[in-house]
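First up is the structure itself, then whatever we jot down about it.
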Amino acid sequence: MTITSSSILVNSIIKDGCLYQMEYKGIQNNLLYVVLKLYDLGVSDQKLRSISRRMINSMDALFTPKIFKLSVPIRINDCLYSSYLEFFNRQVMNYGVQDTLNQYFYGTMLAQSIGSQCLPMAHLALGLKYGLPKVIVQALSYIATSYQETSFLLDEEEISYNNGYLTAHEILVDQVRVDPRFEILSSKLTYRKILKIGRELLRTYVYLWRMPNNVEVALNNLRDLAARILLASINKDQQQQDQTNLHLSCNLLKSINSVSIIYPNNTCPIPLIRVQFLNVISSYILQGRPTIISSSVIQQFEMVKPIKQHVQDILTNDDINLTTLSVLAALEEAETKDEKNDIYNKVVSSIYLQ
């Protein structure tokens, strides 16, 4: 699917990618993601423009963020985000999108990065799905500047074996949630510090997973788990924490959804699925390891109208909220990839229709 030239707003947001950055005050800026999803639903440019303006007005003035210089596997002198934008834009112009991805992403260390909760991968998936080279350039630049290695997870002697004996759900609910060794990682630490301090323990749990042989089944296991974490992240007594955890859970689901787009037709390498599971565990710890609601309880939730219809109703009622739309879009995307699972619809029922 490609964006038509008639969508002035979408293209203007892409053009001003440095202004509408992907990370804003530590929280994912979902503007481009939401606008593209609404574009999918056939929302007019006029309506998109109105929604976008309202979203922006609800935020503080946007600014170009400070991006720290990190050690990355591409040699560019003193690279900041803007430097990468220039570099990857030149590569795409000279060699095309696919050759650039083949040289700098697929099969490289960049593809193994877990930086920024794998959110750069979600941005890359947007660029690939909608045929937007400028978004792909932004995503590659974001991956490079947020790069965080996962080599500690990708042991050559182990990655070719699948000796785990627990499901992803069992590992999270029966092991990680009650493991006292994670207490030190739950004390106001950042995502990056959790990965640094707890890497050996995290690695152990990742390899306990009895990963399904089918790539899409494995990803669906992680989608289901991310949806359950999203549901568990809501604490009615701590509204501010609710919003933070809601963002984290939504971002987690989006990063998992992105894998099927970046690696279509079950072509995702097994080690990268393990990286996604590491992302799930780390995000769960960052949220304080909330109690996961059991399947028997979730089955009692009522099914609601299709998620797409729920989004349309929000737009009709002019009840625009960036976080709500982003969560609904992520759940709807997960539902289309995991069609036989009704949990995504029931999460909508529990969170928004109580």
Side-chain angles (χ1 to χ4, degrees), residues 1-25 27-65 81 85 116-142 243 246-247 250-255 257-258 261-262 306-337 348 352:
M1 179 185 300
T2 56
I3 296 295
T4 64
S5 58
S6 63
S7 185
I8 300 171
L9 175 65
V10 171
N11 282 291
S12 67
I13 291 176
I14 295 167
K15 182 178 179 181
D16 295 330
C18 285
L19 295 178
Y20 300 99
Q21 66 271 10
M22 284 160 276
E23 283 192 303
Y24 174 71
K25 290 191 172 180
I27 296 177
Q28 161 79 348
N29 177 359
N30 296 295
L31 183 58
L32 179 61
Y33 180 80
V34 169
V35 168
L36 287 172
K37 292 300 179 183
L38 295 180
Y39 181 91
D40 259 352
L41 295 176
V43 176
S44 67
D45 275 8
Q46 182 179 0
K47 186 69 172 179
L48 287 176
R49 191 176 294 108
S50 173
I51 293 170
S52 177
R53 189 179 303 115
R54 185 175 305 187
M55 290 176 181
I56 293 172
N57 289 340
S58 68
M59 303 167 66
D60 294 337
L62 296 175
F63 60 92
T64 302
Y81 181 61
L85 279 175
S116 291
Q117 272 193 287
C118 293
L119 278 173
M121 306 302 176
H123 204 70
L124 177 59
L126 286 179
L128 291 171
K129 180 178 180 179
Y130 295 97
L132 301 169
K134 289 185 179 179
V135 172
I136 293 171
V137 167
Q138 292 171 13
L140 291 174
S141 304
Y142 189 24
Q243 290 300 305
L246 197 60
H247 278 289
C250 178
N251 294 343
L252 178 62
L253 187 55
K254 287 195 295 185
S255 70
N257 287 338
S258 71
I261 299 173
I262 299 173
I307 300 175
K308 283 186 177 181
Q309 184 58 53
H310 192 56
V311 173
Q312 292 283 13
D313 290 347
I314 289 176
L315 299 180
T316 301
N317 297 330
D318 212 27
D319 182 20
I320 308 301
N321 179 282
L322 180 59
T323 300
T324 299
L325 289 174
S326 185
V327 170
L328 290 174
L331 287 167
E332 191 275 332
E333 185 176 2
E335 187 177 53
T336 61
K337 299 178 186 301
V348 174
Y352 295 112

Which atom of [X] lies closest to which atom of [Y], heavy atoms considered:
X	Y	value
Ala139	Pro120	CB-O, 3.8 Å
Tyr130	Leu36	OH-O, 3.5 Å
Ile262	Leu128	CA-CD1, 4.0 Å
Leu328	Ile307	O-CG2, 3.5 Å
Ser326	Lys254	OG-NZ, 3.7 Å
His310	Val348	CD2-CG1, 3.8 Å

Spacing of [atom1] belonging to [X] relative to [atom2] belonging to [Y], to within rounding of 0.5 Å:
X	Y	atom1	atom2	value
Leu126	Tyr33	CG	OH	7.5 Å
Leu124	Leu132	CG	CG	11.5 Å
His123	Ser116	NE2	OG	12.0 Å

Report yes if the side chains of [X] and [Y] come closer than 4.5 Å at any heavy-atom pair, otherwise no.
X	Y	value
Glu332	Val327	no
Leu253	Leu331	yes
Pro306	Glu335	no
Asn251	Ser255	no
Val311	Leu38	yes

key: Ion pair Glu333/Lys37, N-O distance below 4.0 Å   =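 The answer is yes: the pair qualifies as a salt bridge.
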query = Is Asp40 salt-bridged to Lys129, cutoff N-O under 4.0 Å?
reply =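 The answer is yes: the pair qualifies as a salt bridge.
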request  = For Asn257 and Ala330, indicate whether the former's side chain and the latter's backbone hold a donor-acceptor pair under 3.5 Å.
outcome  =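 Judged by distance alone, yes, a pair lies under 3.5 Å.
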query = Is Lys308 atom NZ crowded by more than 12 heavy atoms from other residues, nucleotides or ligands, each under 6.0 Å away?
reply = no
